[in-house]
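To start, the structure under review is shown below, and the notes come after it.
A quick note: this is a predicted structure, and the numbers were derived from the prediction, not measured. Just so it is clear: chains get the letters A, B, ... in the order the sequence lines come, proteins before strands, and each one is counted from 1.
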There are 2 protein chains.
Amino acid sequence: MNLAILGFGTVGTGVFNLVKQVSRLTEELHVKHILIRKNKKAAIPEMTADYDKILNDPEVDVVVEVLGGLEPAHQYILAALRHHKHVITANKAVIACYLQEFTQTAAENGVKFYFESSVGGGTPWISEIERAARIDDVNQIQGIFNGTSNFILDRMKKSGAAFGEVLAEAQELGYAEADPSADIDGWDIANKLCISCDIAYDCFVVPTKDLPVFGIRNITAADITAFAREGYTVKLMGKSHQEGNKFDYVVEPTLYQSNTFEANTHENYNLISLHGQTIGDLRFIGQGAGQLPTANAIIQDILDIYQSRNHLERNFKRQLTFQANLTKSNYLLRAVFNCQQIFANYAPIQQGDYLLIHQIPVGLMHSLMKKIQAKDPQAWMVNLPVAEVSKVQAKQLSFS
Amino acid sequence: MNLAILGFGTVGTGVFNLVKQVSRLTEELHVKHILIRKNKKAAIPEMTADYDKILNDPEVDVVVEVLGGLEPAHQYILAALRHHKHVITANKAVIACYLQEFTQTAAENGVKFYFESSVGGGTPWISEIERAARIDDVNQIQGIFNGTSNFILDRMKKSGAAFGEVLAEAQELGYAEADPSADIDGWDIANKLCISCDIAYDCFVVPTKDLPVFGIRNITAADITAFAREGYTVKLMGKSHQEGNKFDYVVEPTLYQSNTFEANTHENYNLISLHGQTIGDLRFIGQGAGQLPTANAIIQDILDIYQSRNHLERNFKRQLTFQANLTKSNYLLRAVFNCQQIFANYAPIQQGDYLLIHQIPVGLMHSLMKKIQAKDPQAWMVNLPVAEVSKVQAKQLSFS
């Protein structure tokens, strides 16, 4: 099969090198074109700045899109599908926004649109949701979907350093972008969770700014220390579950006890879990990013096409309603002003620097938090899973 | 597709119920026969004690073997394959012994022999080794492969109870057999590790009594307490790795620090990991046994056949040599007599009740242990991973 790679950054180079170097691939796969920017010089013969040349080359079977961003990736993917080329992409932002359109266009043109590498990097996550969904309703998804924020939280806990300091280190190591907001404010996770829900629920979840998404930008070394003293570790989680014709969806920091898999997911690893009625809980741990794991996942998709291993068909026509308040949970809130009154209906108790709020609908908590941040931009909150709350009350822990 | 189920115990019943009850399966799959013992009465019309009736029914596409044990399972599987029926089995003992024969017979008769449920229960382990092996050499496998022994170790740690007491509880709960030796002496793990190596290395590893396999029969509450005091948890592990044309293979108790995934694998869960050059470490956590997860894995194999999703082809002709001493490691040994002299070449240091032995070849340690047990049948040992040893020496820990 002949490939064209759009973009020659870290991941594009990884795909190119794997195809060249892994002997069991070189017989089957061949990179014919690499699309580079118009102002760049072609360093090797495969490189071209002319996308039409790729589209109109009947020998190209698969287009690998690793440009990132919404445009021109969106239009390039559509054009490739309409030229009857299979498309593989690692670009979670463009998939989260346009998966329905891509799926439909691919079906109309008799080609495949696959995107294993977009969530969980090298972790076989999309394929395992699809596999589980052959038998079960996958009715719960949760996980540590973002390696960069996990690296920051892990490093803060181990070193005691401040958020800004560790972020700078992550940027130096190449783990975090110059503009880190997608990673630290939860929007990268939001995209990945949307894609996961799309496949699990067969219902298209559009990533909008209205979703309950809250990140770790405001976390302090004092927060980490206070939680650690009581045996808790903070993880930035994506979570969704479905009940009947409703589902919820949230991205938020969450506290985990030290004997959980979540608390022990170190460095930039991902830990992603699904639940189905008969399979129970399945968890997958792997490198959520990085050149080789991401390139590996892209090539897995290409091999699926080569070996006619069709992925689960989804048309996203199941009627499910997003219900932000489907779940109630408990939160610890840190703000500079007294918020007791705002949460009067949810048994607020001051615990050191934090207000412990009980059994509040998750969507309501997130919308109230937006109002609190309008007055106190440094305010921060963390979810405290239900099972933990009675212990906190009984022990009168001092999160201070 | 029409199925015949051989055996109607926990797993056979699970497969039957899933096919009847899961709506997305009932259209595609139908259980036509259930083989029961000659002295049993047929409670439902599908039941028969006549295997020839199943073999000679041209409408039967797939035979699901869940009898367990070596014979007649071995002969029944061969007969089904020779009658051009696909075979799915959960029977790890018979696969470990005869995988090469089954694979060859299936190929000769143009049918499939699949066995996802045999290792890791509902955890997609065999399929993920096969998937990883499409790109990488899978050169390392390790994990908690046995839910029963993990349940016992976890319960001992949490309750402080003695081995025998917890084993009796596991037997009452149906987690352990009346004869628990396969689970507690490591032979169930040995079979599962053989099957995993077969697929990962494309080389048939025969489970013989010569393999380094050591279990938890002799572990005491005092052992658990001594290790816990120093922050360690004992897990019964299966481990193998391959280098060039050699591989090693061991089943043994191993100590893990509290911040590892292994130490935090509770109850009867399985945690299984593989390593490949480009994918890095991938870990899978799920229910390693139980009616529904096992039935789920069996039906996944059936759906693969139904959807023509062919598994990786293996002929087991790669020339690899088993080398028991490929790896050196460190051990804590508890025996009633002084063993310093036996381990004089491996810097033995008495640490409380335990002799700490340094950098000894793994195969040699296991063979010396057999000799020690001839004199002290209650002697016990545990692997202490290399990274931990310097800490033990530096702190002069007292494992007493």
NZ (A:Lys158) with more than 12 external heavy atoms under 6.0 Å: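 More than 12 heavy atoms, drawn from other residues, nucleotides or ligands, come within 6.0 Å of this atom.
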Given that the side chain runs from C-beta out, which part of A:Ala295 has a heavy atom under 4.5 Å from chain B: side chain, backbone, both or neither?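 Contact with chain B is absent: no heavy atom of A:Ala295 under 4.5 Å.
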Against chain B, label A:Glu128 side chain, backbone, both or neither, depending on which of its atoms sit under 4.5 Å from a heavy atom there.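 Side chain only.
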Taking all non-hydrogen atoms of both residues, which atom of [X] and which atom of [Y] are closest, and how far apart?
X	Y	answer
A:Arg134	B:Arg24	O-CD, 3.1 Å
B:Thr265	A:Phe261	OG1-CE2, 3.4 Å
A:Arg131	B:Pro124	NH1-CB, 3.4 Å
B:Asp136	A:Asn296	OD2-ND2, 3.7 Å

Which distance, rounded to the nearest 0.5 Å, do you find between the [atom1] of [X] and the [atom2] of [Y]?
X	Y	atom1	atom2	result
A:Gln300	B:Ile279	CD	CD1	7.0 Å
A:Asp281	B:Ile285	CG	CD1	10.0 Å
B:Thr278	A:Ile299	OG1	CD1	7.5 Å
A:Thr260	B:Asn264	OG1	CG	7.0 Å

Are A:Arg283 and B:Arg283 side-chain neighbours, meaning at least one heavy-atom pair lies under 4.5 Å?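 Not in contact.
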Below 4.5 Å, heavy atoms only, C-beta onward: do A:Ile135 and B:Leu303 meet side chain to side chain?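 They are in contact (side-chain heavy atoms under 4.5 Å apart), so the answer is yes.
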Between B:Gln307 and A:Arg309, do the side chains contain a donor N or O and an acceptor N or O under 3.5 Å apart?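 No, no side-chain donor-acceptor contact under 3.5 Å.
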Out of [options], which one racks up the most heavy-atom pairs below 4.5 Å with chain A?
options	result
B:Ser23, B:Ala133, B:Gly280	B:Ala133
B:Leu282, B:Leu18, B:Thr123	B:Leu282
B:Pro293, B:Gly121, B:Gly286	B:Pro293

When you measure from the side chain of B:His266 to the backbone N and O of A:Asn259, does any donor-acceptor pair fall under 3.5 Å?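 Side chain of B:His266 to backbone of A:Asn259: a pair is present.
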Do you know which of A:Leu271, A:Asp137, A:Val22 has the most heavy-atom pairs under 4.5 Å to chain B?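 Heavy-atom pair counts peak at A:Asp137.
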Could you look at B:Asn310 and say if it's the side chain, the backbone, both or neither that has a heavy atom under 4.5 Å from chain A?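 For B:Asn310, the contact with chain A is made by the backbone alone.
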